[in-house]
Amino acid sequence: MALLIYNTLTKKKEPFTPVAPGKVGIYLCGPTVYKPSHLGHAVGPIIFDAVKRYLTFRGYDVNWVVNITDVDDKLITEAAAQNTTVFELAERVTKDYVDSMAKLDVVGIDMMPKVSEHIGDIVDIIQSLIDKGVAYPANGDVYFDVTRHDGYGKLSNRDVADQEGQRDLQSTQKRNPGDFALWKAAKDSEPDIVKFDAPWGKGRPGWHIECSAMAMRYLGDTFDIHGGGMDLIFPHHENEIAQSEAASGKPFANVWMHNGLTRFNTKKISKSDPEMQAILAKMTLNVLLEEVPGELLRFLILSTHYRSPIEYSETALDAKRKALDTFHRLFERVERITGSSPYEDVPPIVAEPLVASSESAAVATAPSPAKDGLKGVSAETTDRFITAMDDDFNTGAAIAALFECATAINRFIESKKLESGTAPAELKVELLGAAHCVVGLGRLTGVFLAPPKKQGEEDDGLADTIMQVLLKVRQHVRGNKDFATADMIRDLLQEQAITLEDRADGTLWRKN
RNA sequence: GGCGGCGUGCCCGAGUGGACUAAGGGAGCGGAUUGCAAAUCCGCGAUUCGUGGGUUCGAAUCCCACCGCCGCCUCCA
């Protein structure tokens, strides 16, 4: 069974074969740190974090690089507008980004190189492109000549000679309308800190070259997977390919993975769209993450296939919140019955590894568990989950398998009446094992990492203390069959978005 | 004008030639459970996959046309 990945370059799903056996290099285009990121910027990192978790599980040693673009026109403009320096702004926005990533449990990024620290690499590449005759300096700028490179347009499938909306040739030093800047000459009005030395004059890198430089520096001339949003296919990734392959004479990234764009009110979320500006304030990641758990955003994003667009709305979020709660409620239920937390001591998921490395050969035999009871369900769920993920990271189908497993576990609890009286030890073991399976599989995509924050945790448990008193009073009146009072308490709490759950073993409460 | 994507039940969404009378979730309805709820379980719900043709023994899945939505061609994850 092979892992299939859809490759934008070939426009089809292909069996994945890494450059070096057992190792995977991934480059994801990261943020230009001039404004706080919005929800759309979280999609790539969340998906690739899941990809890395999954590939690691499949036996690969993954090296994942996400760049930080801290030298750019927009940074210069924004820093001036905020009356600060480019690097102060960059540092602040980078921190904001890193904080958001942490809240989203994006922990797999191995390296976040900055453009400002790779000017030397960039200059070297540009020089070699000039030496090869595919780039030319013009009044301090340096341009890439798209007519001098075979294969230009192969990613985005376009003919450069036949494009509308191209920049006016007369207003620039370009030889061809499709030529793009590798280096931009410094202007007097710009701050000195973004004026870097180069053989053809002071200036700063153009937009695309930094990714080529950092990807090749950390992953090699040819590496495995390059990712980004669909809107980057042209011109950014097309240009990256051209300049990288022209410079190295080798293929650049083997597989190009592009995620769908996030939409709001059926429109793409874009920082440059005036209509989106107001909405964007609320869609800013860090603002959103104040209200919405990172796990929920991750769950929302992973519920849809990564290449499809995601329509963001409160309604969609509420539906997902409920769906996600199903799992956490189940895990709590299992813990009440077994006395053990399904979040802890999760045994590794056993599966046939994709990578036949020598050390994993010993465990290469897939188990053949008895197909009865919950063990059979776990085995089947694992199988379905892996099949889905192996097929171009079909997280939606993988999660569907987890839902069915959750239902099977609940059914098991009901049918064996595990909540009334003391459950037999062997059934507890079986139950916990199945819950561990769901947790373990979920974690391969980065969900179910921890129990949701308990109510009242922020206020030292004061809310819970008061609730316990209130519930005790209610329990008392219920004991006296004073249901009117008991229901009044429940209804009043519901008005405050607090739901009560009367169970045989006590009453639970939760804030919706 | 060029390039590309999408259109599946009330909503979201997986499936891209036969196990599809179409996964899963949300909402709804009926039942079990409950003092009533909540939670959980069971059942119901698309004979059909934007529309019209075609290919095939067989299509949601391939081809053609049309309609609608979206993205890129300028900065964008």
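Within every chain, numbering begins at 1; the chains are lettered A, B, ... in the order of the sequence lines, protein sequences first and strands thereafter. FYI, side chains are in, hydrogens and waters are out, and symmetry mates aren't considered; it's all heavy atoms of this structure.
- Going from atom CD of E414(A) over to atom C1' of U34(B) covers 12 Å, rounded to whole Å.
- Between the CG atom of D73(A) and the P atom of U74(B) there is a distance of 16 Å, given to the nearest Å.
- A side-chain N or O of D464(A) and one of W509(A) form a donor-acceptor pair less than 3.5 Å apart.
- If you measure from atom CG of L508(A) to atom P of A38(B), you get 15 Å, rounded to the nearest angstrom.
- Only R490(A), T499(A), L500(A), E501(A), D502(A), listed by number, bring a heavy atom of residues 490-502 of chain A to less than 4.0 angstrom from any atom of RNA chain B.
- Within the nucleic acid shown, F483(A) comes within 4.0 Å of at least one base atom, counting heavy atoms only.
- Residue K11(A) has no polar side-chain atom (N or O) positioned under 4.0 Å from OP1 or OP2 of G5(B).
- Ring pair F234(A)/Y152(A) is perpendicular by interplanar angle, where above 60° counts as perpendicular and below 30° as parallel.
- As rounded to the nearest Å, G26(B) and G71(B) have C1' atoms that lie 28 Å from one another.
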What are the atom names and distances for every N/O pair under 3.5 Å that joins the protein to nucleotides 68-71 of chain B?
| residue | atom | partner | partner atom | Å |
| --- | --- | --- | --- | --- |
| C70(B) | O2' | R263(A) | NH1 | 3.3 |

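- The side-chain contact (heavy atoms from CB on, under 4.5 Å) test with F16(A) is passed by exactly one of L4(A), D392(A), D224(A): D224(A).
- Taking 4.0 angstrom as the limit, N410(A) places a side-chain polar atom (N or O) nearer than this to OP1 or OP2 of C41(B).
- The distance from atom CZ of R474(A) to atom P of A38(B) is 13 Å, rounded to the nearest whole Å.
- For R411(A), whose side chain is taken as the heavy atoms from C-beta onward, the closest listed nucleotide among C3(B), G25(B), C41(B) is C41(B).
- With respect to the salt-bridge test (charged N to carboxylate O, under 4.0 angstrom), the residues R92(A) and D96(A) do not qualify.
- Between E414(A) and R333(A), at least one side-chain N (NZ, or NE/NH1/NH2) sits under 4.0 Å from a carboxylate O, which counts as a salt bridge.
- Checked for salt-bridge contact, E419(A) and R503(A) meet the test: a charged N lies under 4.0 Å from a carboxylate O.
- Sorted by first and then second residue, the salt bridge (charged side-chain N to carboxylate O under 4.0 Å, His left out) pairs involving residues 101-110 of chain A (not counting sequence neighbours) are K52(A)-D110(A).
- Residue K74(A) is classed as a sugar-phosphate contact, given heavy-atom separations below 4.0 Å to backbone atoms only.
- If you check every strand for non-hydrogen atoms under 4.0 Å, I399(A) touches nothing.
- Side-chain N/O atoms of K271(A) include one lying less than 4.0 angstrom from OP1 or OP2 on A77(B).
- Among the protein residues, D487(A) comes within range of the nucleic acid bases, having at least one heavy atom under 4.0 Å from a base atom.
- Rounded to whole angstrom, the span from the NZ atom of K481(A) across to the P atom of U34(B) amounts to 13 Å.
- Side-chain N or O atoms of K174(A) include one that pairs as donor or acceptor with a backbone N or O of D179(A) at under 3.5 Å.
- D325(A) has no carboxylate O lying under 4.0 Å from a charged side-chain N of R510(A), or vice versa, which leaves the two without a salt bridge.
- In the model, T284(A) has no side-chain atom that pairs as donor or acceptor with a side-chain atom of N286(A) under 3.5 Å.
- Stem analysis of RNA chain B (Watson-Crick or G-U pairs, both distances under 3.5 Å, runs of at least three) returns B:1-7 with B:67-73, B:10-12 with B:24-26, B:28-32 with B:40-44, B:50-54 with B:62-66.
- At a cut-off of 3.5 angstrom, counting only N and O atoms as typed in the model, there is a donor on one side and an acceptor on the other between the side-chain of R478(A) and the base of G35(B).
- Not one N or O on the side chain of T445(A) forms a donor-acceptor pair closer than 3.5 Å with the backbone of L441(A).
- Between the side chain of E240(A) and the backbone N or O of H208(A) there is no donor-acceptor pair closer than 3.5 Å.
- To the nearest 0.5 angstrom, I409(A) atom CD1 is 12.5 Å from E404(A) atom CD.
- Here G4(B) presents its P atom at 15 Å from NZ of K12(A), a figure rounded to the nearest Å.
- If you take atom P in A65(B) and the same atom in G2(B), they sit 13 Å apart, rounded to whole Å.
- The side chain of T407(A) has C41(B) as its nearest neighbour among A77(B), C41(B), A39(B).
- Contacts classified as salt bridge (charged side-chain N to carboxylate O under 4.0 Å, His left out) and involving residues 472-481 of chain A (residues at least two apart or in different chains) are given here: R474(A)-D502(A), R478(A)-D502(A).
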### Task
Encode nucleotides 10-23 of chain B as B, S and - characters from 5' to 3', where the letter depends on protein heavy atoms closer than 4.0 Å: B to the base, S only to sugar-phosphate, - to neither.
---SSS-------B
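- Among the atoms of the strands shown, base atoms are found under 4.0 Å from some heavy atom of G40(A).
- In this pair, H328(A) and Y343(A) present their aromatic rings parallel. The plane angle is below 30°, not in the 30 to 60° band.
- One P atom belongs to A38(B), the other to A77(B), and the distance between them is 45 Å to the nearest Å.
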